[in-house]
Structures are given as C-alpha cells and as structure tokens.
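Remarks on the structure that follows.
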Amino acid sequence: MGRRNKILVPEARKGLDQLKQKVESNVKTVSKYEIAQEEGISLKHGYNGDIRAEDAGRIGGNIGGKIGGNMVKELISMAEKQLVKQKNQ
C-alpha cells in the first residue's frame with residue numbers, strides 16, 4: 001500500500017522532514033518480540049497464526065503508530081509552548 005498522506009503545502013516538506021527526524025531520534029526502537037514479552041503474549045519466530053487477532057494488533061499497533069503518534073504529540077507540545085509564549089508577551 002502506497003503512502004496516502006499528501007503534503008498540501010510542498011514548501012513544508014523540509015520542516016516536516018526535520019520534525020520526523022527529531023521525533024525518530026527520541027523514539028526507542030523495540031522489536032515486536034520485546035513488545036510481545038512486555039504484553040505477556042507468547043510470540044515465537046515463524047508461524048504465529050494461533051495468537052488472537054487482538055494480541056497481534058497490540059504487537060503491531062505499537063510499532064506502526066509510534067512515530068506518527070509521537071509527531072502529533074510533538075506538534076501539540078510545540079503549539080502549547082507557542083501559545084504560552086504569546087500569552088506572556
């Protein structure tokens with residue numbers, strides 16, 4: 001599946017790339033096996049068709065959405081700081 005996110009303002013590409021790089025450097029990289037162990041899910045190398053769909057989602061969901069979710073959190077944090085700064089001026 002291709003990327004569905006399209007930048008509406010092409011001039012913003014550089015800033016978005018910088019933000020993504022900043023967020024990625026702060027995200028701890030963990031394997032799906034580490035996540036499974038933390039969640040108490042028995043995950044083994046090879047076939048895992050016997051695990052519940054809910055458990056599979058908890059393992060994969062934590063990896064896939066981590067960077068995007070952290071980018072949103074960072075943007076919110078930046079906006080909050082900017083609002084406080086404007087309020088104090």
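Both backbone and side-chain heavy atoms feed into the values below; hydrogens, waters and symmetry mates do not.
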Reported CD-to-CG distance for the pair Q21 and L16, which is rounded to 0.5 angstrom: 12.5 Å
Pairing residues for L19 by the side-chain contact (heavy atoms from CB on, under 4.5 Å) criterion, not counting sequence neighbours: V23, M71, E74, L75, M78
Can you name the residues that form a side chain to side chain donor-acceptor pair (under 3.5 Å) with D55, not counting sequence neighbours? R52, R58
side-chain contact (heavy atoms from CB on, under 4.5 Å) filter on K44, not counting sequence neighbours, yields N48, D50
Note: I51 and S42 closest approach over all heavy atoms is CG2-O, 3.7 Å
List the residues meeting side-chain contact (heavy atoms from CB on, under 4.5 Å) with V84, not counting sequence neighbours, and say none if there are none. N88
Return the CD to CD distance between E39 and E34, rounded to the nearest 0.5 Å. 12.5 Å
Contacts of K81 meeting salt bridge (charged side-chain N to carboxylate O under 4.0 Å, His left out) (sequence neighbours excluded), chain-then-number -> none
All side-chain contact (heavy atoms from CB on, under 4.5 Å) counterparts of L83, not counting sequence neighbours: Q86
